[in-house]
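Please read all numbers here as calculations on a predicted model, not as lab measurements. Atoms within each ligand, like the ligands themselves, are counted from 1 in listed order.
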Amino acid sequence: IERTFSILKPDATRRNITGKVNALIEGAGLRIVAQKRVHLTRGQAETFYAVHKERPFFGELVEQMSAAPVVVQVLEGENAIARYREVMGATNPANAAPGTIRKEFALNVGENTVHGSDASETASVEIAQFFSGNEIV
Ligand code: ATP
Ligand code: MG
């Protein structure tokens, strides 16, 4: 059993579709073992996406991620990291497969509805950024 970190991004909370996204997550066999709604500061968004700080879209990404509340989650399941990446679909919704979260809901490559960790090391770091052990049940 593996854990991954997930964010339902501002475009999801704005459109009030977090329940619909969670239905796809649970439908894929992933269990939401921690969840809370937070409004990221610019600093928190910068830290979270620091790996992308040299990319041309970094400013816009930080702006979007701190513009409205998000829902941060820990998901648990068999191969949760890869499984969630599969369910999320391609970063650019134009390339996302049918039935994936991004195909169903993403607006564009920036407002693409969800984040999911890309490896077990990043999952641990990202989970620890938002949750303490006793909040994950
Ligand atoms: P995430 O890390 O959010 O789960 P990802 O791993 O599929 O998404 P990354 O390459 O890590 O994609 O990019 C992080 C985020 O930066 C993307 O989810 C997207 O919101 C934004 N992003 C990536 N590429 C672009 C781009 N070309 N233009 C605008 N925004 C982008
Ligand atoms: Mg990524």
Residue and atom name of the nearest protein heavy atom (relative to atom 10 (O) of ligand 1), distance in Å to one decimal = H52 CE1, 3.8 Å

Heavy-atom nearest neighbour in the protein, as seen from atom 7 (O) of ligand 1, with distance rounded to 0.1 Å = T91 OG1, 2.5 Å

Do any heavy atoms of E111 fall under 4.0 Å from ligand 1?
-> no

Considering heavy atoms of the protein only, find what lies nearest to atom 28 (N) of ligand 1 and give residue, atom and distance to 0.1 Å.
-> V109 CG1, 3.5 Å

Do any heavy atoms of N112 fall under 4.0 Å from ligand 1?
-> yes

What part of K9, side chain from CB on, backbone N/CA/C/O, both or neither, has a heavy atom under 4.0 Å from ligand 1?
-> side chain

What is the nearest protein non-hydrogen atom to atom 1 (P) of ligand 1, stated with its residue, atom name and distance?
-> H115 ND1, 3.1 Å

Do T4 and R85 touch side chain to side chain, with heavy atoms closer than 4.5 Å?
-> no

Would you mind checking if E76 and R31 are paired as a salt bridge, meaning a charged N to carboxylate O distance below 4.0 Å?
-> no

Please work out whether any backbone atom (N, CA, C, O) or any side-chain heavy atom from C-beta onward of R102 is under 4.0 Å from ligand 1, and answer side chain, backbone, both or neither.
-> side chain

What is the nearest protein non-hydrogen atom to atom 22 (N) of ligand 1, stated with its residue, atom name and distance?
-> F57 CE1, 3.5 Å

For residues 57-69, tabulate all N or O donor-acceptor pairs below 3.5 Å that involve a side-chain atom, not counting sequence neighbours.
from : atom 1 : to  : atom 2 : distance (Å)
E63  : OE1    : R42 : NH1    : 2.5
S66  : OG     : V62 : O      : 2.8
S66  : OG     : E63 : O      : 3.4

